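Note that the coordinates shown come from a computational prediction; the quantities given were computed from them, not determined experimentally.
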Number of protein chains: 2
Amino acid sequence: MASLTSVLGVLDPTSDRAVFRQIADALREAIDKGRFREGDKLPSETELVDHFGVSRMTVRNALSLLQQEGLAVSEHGKGVFVRPRPPVRRLASDRFARRHREQGKAAFTVEAEAAGSRPEVDNLEVKEERPSPDISARLGSPRKVLARRRRYLLDGRPVEFATSYLPLDLARNTPIAQPNPGPGGIYARLEEMGHRLDHFDEEIRARMPSPAEVRTLQLASGVPVIHLVRTAYDSEGRAVEVCDTVMAADAYVLAYQLPAN
Amino acid sequence: MASLTSVLGVLDPTSDRAVFRQIADALREAIDKGRFREGDKLPSETELVDHFGVSRMTVRNALSLLQQEGLAVSEHGKGVFVRPRPPVRRLASDRFARRHREQGKAAFTVEAEAAGSRPEVDNLEVKEERPSPDISARLGSPRKVLARRRRYLLDGRPVEFATSYLPLDLARNTPIAQPNPGPGGIYARLEEMGHRLDHFDEEIRARMPSPAEVRTLQLASGVPVIHLVRTAYDSEGRAVEVCDTVMAADAYVLAYQLPAN
DNA sequence: CTTACCCACTCGTCTATACGAGTATGTGTC
DNA sequence: GACACATACTCGTATAGACGAGTGGGTAAG
């Protein structure tokens, strides 16, 4: 193995840049240049302490920076590693096209298997609730809603969890209120019930996860979430469903097509 | 002012949860409950040290957690504050409709003024470059491209910076190569030049910013960026422009409309 | 050969201390 | 009143040390 000096260089004592930032810079540059690759173990804290001649807290400060940037992850007892970039799931803009719905299988499953991953859905929960003000407003202020929660995993890794809300008067005592709503999902059922779907509105935000979201999605530090709220409208202009989705940002790329006129 | 105990509670020494996490939990809960509001100053490190009876590093560790979550920002010499949530700019899915282009003013300016903000564009740079492999592939592998860079600010705050790439054979010696391409922007010029725009593809990712992006967008810690890559196609199916945009995630919500069929 | 244990190495948590640098406020001088 | 300055507060950076807890490998016992 090459000496640490050749990989990381040395500190510049004349610089007014904080020492821990210089160390972070050195590591970041080494990663960028491919001297450490995805999944590689970075030098241990002790090695960095010895190499740079600083205290351990200073080294930890530097490593913490890299983790906040999403460049590294630490594993207790093992080391600090260059964060591997997992395969991303691409959500195409035609993903709710009727033709996909009509073939009957759950979109998530079909697509995951096509990509060679093992899909899984868990944490299923279906219950009646009083809607939050935001959800209520989007659905036209129903008194109660049916909430369907679930979490999606690829190869055992949680990537997204979502809650669908439907006005209760529309969903009660229908297959939609069942844990498994049947082939094509709730959109297929809605259409069968006479609510021909017209279009979807989607709102996208990105932010850092709450502690609960970190747990549910098993997020490494330095990984944001994409928060997507989709509203489905039927051909009469009624909002028939709101789907609130939180996705691990490192697992997704969203694709949309916009008309030019 | 109420005693700190009534606002933050006390530590549970029997808990196996790390002390700094308990402190972070207490502060987070107080913020959630509105005991501290946006822009409010949190208790100083010294006050927290005295209140919880721990060392300063432990308190700083807790505050650092809140900053990583995007809940708080520290200001040197002043204190740590609940992060104010700035007004968000909403990007509607019809933002590239021809009718908007035809009225002649820059979309960013019109929209910002309508929202009561002071818009600004700076860091203008127009130059010819060799495209990166990614950009090159999207544009059909031109040897060189025209790159137009600019940064957008609202009320003096940077919110986004973007680079447009156009095949050089298409843009050279046209108004598009001028710093100010004229009313309606480069899309209006492209249409005048016979490239009737057909549609746009957008790809969206979210991630933590690089150090350079933190500087350019003056991002607080705990604020991710939204990375949007838009490709514009003319009616002959040719990719005529790629726009690479990095946005401060706390300043944006993106809206899209999807057809149901 | 397998199992159990020990040990070395990793990162996690916490203490105590020191000095520096940015900010705000008061105070005294002019 | 205006200004310079001292001061006390804030967070930023860094040191040195201690113990805990998770991991993995080697060694000794069975």
> Is there a donor-acceptor pair closer than 3.5 Å between any side-chain N or O of A:Arg148 and the backbone N or O of A:Pro179?
Replying inline: yes

> Would a 4.5 Å heavy-atom cut-off, applied to side chains only, mark B:Arg207 and B:Pro224 as touching?
Replying inline: no

> Could you give the angle between the helix axes at the two ends of the helix from C:dC1-D:dG30 to C:dC30-D:dG1, with five pairs per end, rounded to 10 degrees?
Replying inline: 10°

> To the nearest angstrom, how far is A:Lys78 atom NZ from C:dG12 atom P?
Replying inline: 13 Å

> Atom CG of A:Leu42 and atom P of C:dC11: how far apart are they, to the nearest Å?
Replying inline: 9 Å

>> If only side-chain N and O atoms count, and only distance matters, is there a donor-acceptor pair under 3.5 Å linking A:Ser132 with A:Asp134?
In response: no

> Parallel, tilted or perpendicular for A:Tyr256 and B:Tyr256, by the 30°/60° rule?
Replying inline: parallel

>> In whole Å, I'd like the distance from the NZ atom of A:Lys41 to the P atom of C:dT10.
In response: 6 Å

> Tell me: CE of B:Met57 to P of C:dA16, nearest whole Å?
Replying inline: 13 Å

>> Can a donor-acceptor pair be found, under 3.5 Å and without considering hydrogens, that links the side chain of A:Gln22 to the backbone of A:Asp12?
In response: yes

> Distance check: side-chain N/O of B:Thr46 vs OP1/OP2 of D:dC9, anything under 4.0 Å?
Replying inline: no

> Any side-chain heavy-atom pair from A:Glu69 and A:Leu65 closer than 4.5 angstrom?
Replying inline: yes

>> In this structure, how many angstroms lie between the C1' atom of C:dC11 and the CG atom of A:Leu48, rounded?
In response: 12 Å

> Yes or no on salt bridge (Lys or Arg N to Asp or Glu O under 4.0 Å) for A:Arg83 and A:Asp250, after CA distance, side-chain angles and deciding distance?
Replying inline: CA-CA 11 Å; A:Arg83 187 157 73 83; A:Asp250 62 355; 3.0 Å; yes

> B:Ile204 versus B:Ile226: any side-chain heavy-atom pair under 4.5 Å?
Replying inline: yes

>> Heavy atoms within less than 4.0 Å of DNA chain D: which residues of residues 63-77 of chain B have one? Give them sorted by number.
In response: B:Ser74, B:Glu75, B:His76, B:Gly77

>> Counting only side-chain nitrogens and oxygens, does A:Ser44 get under 4.0 Å of the OP1 or OP2 atom of C:dT10?
In response: yes

> Counting side-chain heavy atoms from C-beta on, which of C:dT15, C:dC14, D:dT15 comes nearest to A:Ser55?
Replying inline: D:dT15

> Which residue pairs pass the salt bridge (Lys or Arg N to Asp or Glu O under 4.0 Å) test when at least one of the two sits in residues 13-24 of chain A, sequence neighbours left out?
Replying inline: A:Arg17-A:Asp25

>> Contact list please: residues 20-30 of chain A against DNA chain D, heavy atoms, distance less than 4.0 Å, in numerical order.
In response: A:Phe20, A:Arg21

>> Is a donor from one side chain sitting under 3.5 angstrom from an acceptor on the other, for A:Thr163 and A:Arg150?
In response: no

>> Please report the distance, rounded to the nearest Å, between CG in A:Leu11 and P in D:dT13.
In response: 15 Å

Can you name the atoms? Protein N/O to nucleotides 5-8 of chain C N/O, anything below 3.5 Å, with the distance.
none

> Is there a donor-acceptor contact under 3.5 Å linking the side chains of A:Glu160 and A:Tyr252?
Replying inline: yes

> In whole angstroms, how far is the C1' atom of D:dC19 from the CZ atom of A:Arg60?
Replying inline: 14 Å

>> Under the side-chain contact (heavy atoms from CB on, under 4.5 Å) test against B:Leu254, which residue among B:Arg90, B:Met247, B:Glu202, B:Arg95 passes?
In response: B:Met247

> Atom CG of A:Asp16 and atom P of D:dG12: how far apart are they, to the nearest Å?
Replying inline: 17 Å

>> Regarding B:Ser64 and B:Gln68, do their side chains bring together a donor and an acceptor under 3.5 Å, going by distance alone?
In response: yes

With a cut-off of 3.5 Å and sequence neighbours excluded, list every side-chain donor-acceptor pair involving residues 31-38 of chain B.
from: B:Lys33; atom 1: NZ; to: B:Glu29; atom 2: OE2; distance (Å): 3.0
from: B:Glu38; atom 1: OE1; to: B:Arg85; atom 2: N; distance (Å): 3.2

